[in-house]
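Reviewing the structure listed below.
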Amino acid sequence: GLEESGIELVLHAKTPAEKLPEEDETADLVVSVFGIEYSDLSKSLPEAYRVLKKGGKLSTLLHHRDSVVNYMSYRAYNEFNAKDIEAVLNSLLMISRERDRSPSLQALKDNAVAEEHRMLLNQFAEQYMSNKDPDTANIAMFEFMTHALRLFKLLGEDRDTRESFIQQLAIEHRASHERYGQMMAVAMDDQVIDGVKSKLRDFGFKEIRAEVIMSDDKTLAWKLCAEK
């Protein structure tokens with residue numbers, strides 16, 4: 001285990017890679033697993049060099065442009081339908097507000113406005129949830145609709161609970177879309193990884209090695225290592 005190895009492991013949450021809290025030449029190993037590529041490499045790489053002891057190692061896993069993860073991110077990013085998402089969120093909000101105007105859940109079923117928006121949600125559910133084939137289904141919108149329909153289980157709750165659910169749903173899925181875009185933006189091809197290796201040399205690193213990590217003939221990531 002880690003205790004028996006004598007290794008002292010320090011994890012820094014919410015710490016920019018461009019400004020590490022460690023003193024100069026105090027680390028034997030700096031590790032990044034799908035993280036450092038989101039930073040400004042012109043600052044984070046020399047920062048890693050600064051905290052490493054002489055002979056210390058930098059070991060990273062980086063997003064590969066041709067990886068399965070990048071492909072799935074590209075697919076999910078382009079599956080998002082902003083117009084339909086806004087329409088669904090609006091229908092959820094309208095149903096929630098009509099719930100406040102209805103004396104009971106039973107009465108809500110006879111509310112014309114609520115029924116109109118319920119039917120609209122059913123149409124979106126049929127559009128995005130009927131295809132369950134992972135190769136052809138719209139996974140991003142399937143997931144969104146799965147979460148959206150949970151509102152119906154909250155119709156017995158107060159208005160604040162329902163509308164907080166709708167707001168959080170909007171925030172989470174917009175954030176997911178942004179994350180997919182960010183991951184695609186930092187994924188590296190051969191040319192980009194060669195540029196990173198050049199930067200490492202400029203900052204003083206040696207023994208720089210980059211290799212592609214594969215599994216079942218599928219690209220997973222870049223493994224990039226260097227030594228001070």
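- The shortest heavy-atom contact between Val186 and Glu37 is CG1-O, 3.5 Å.
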Between side-chain atoms of residues 50-71 and protein atoms elsewhere (two or more places apart, or another chain), which donor-acceptor pairs fall under 3.5 Å?
residue	atom	partner	partner atom	Å
Arg50	NE	Glu47	OE1	3.1
Arg50	NE	Glu47	OE2	3.4
Arg50	NH1	Glu22	O	3.0
Arg50	NH1	Asp24	OD1	2.5
Arg50	NH2	Leu20	O	3.2
Arg50	NH2	Glu22	O	3.0
Arg50	NH2	Glu47	OE2	2.8
Thr60	OG1	Leu224	O	2.9
His63	NE2	Tyr38	OH	3.3
His64	ND1	Asp66	N	2.9
Arg65	NE	Ala187	O	3.0
Arg65	NH2	Ala187	O	2.8
Ser67	OG	His64	O	3.0
Ser67	OG	Asn70	N	3.0
Asn70	ND2	Arg65	O	2.8

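- For Arg209 and Glu227, the salt-bridge test fails: no basic side-chain N is under 4.0 Å from an acidic carboxylate O.
- For the 3.5 Å distance criterion, the side chains of Arg179 and Ser176 qualify, holding a donor opposite an acceptor.
- Taking both residues in full, the closest heavy atoms of Ala114 and Ile95 are given as O-CG1, 3.9 Å, listed atom of the first, atom of the second, then distance.
- Of the listed residues (Glu116, Arg118, His117), just one forms a side chain to side chain contact (heavy atoms under 4.5 Å, CB included) with Met94, and that residue is His117.
- The minimum heavy-atom distance between Pro46 and Phe203, with the atom names listed, is CD-CE1, 3.5 Å.
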Margin query: Does Lys19 form a side-chain contact (heavy atoms from CB on, under 4.5 Å) with Lys43? I'd like the steps, not just the answer.
Written below: CA-CA 8 Å; Lys19 192 174 182 180; Lys43 296 179 180 178; over 6 Å; no
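- Residue pairs meeting the ring-ring contact (aromatic ring centres under 6.0 Å, His included) criterion with at least one member in residues 135-164, sequence neighbours excluded, are Phe144-His173, His147-His173.
- Considering all non-hydrogen atoms of both residues, Glu79 and Met141 come closest at O-CG, 3.4 Å.
- You'll find the side chain of Asn138 stays beyond 4.5 Å of the side chain of Asn131, heavy atoms only.
- Sequence neighbours left out, the pairs with a member in residues 75-114 that pass ring-ring contact (aromatic ring centres under 6.0 Å, His included) are Tyr77-His177, Phe80-His177.
- Surrounding NZ of Lys223 are at most 12 heavy atoms belonging to other residues, nucleotides or ligands under 6.0 Å away.
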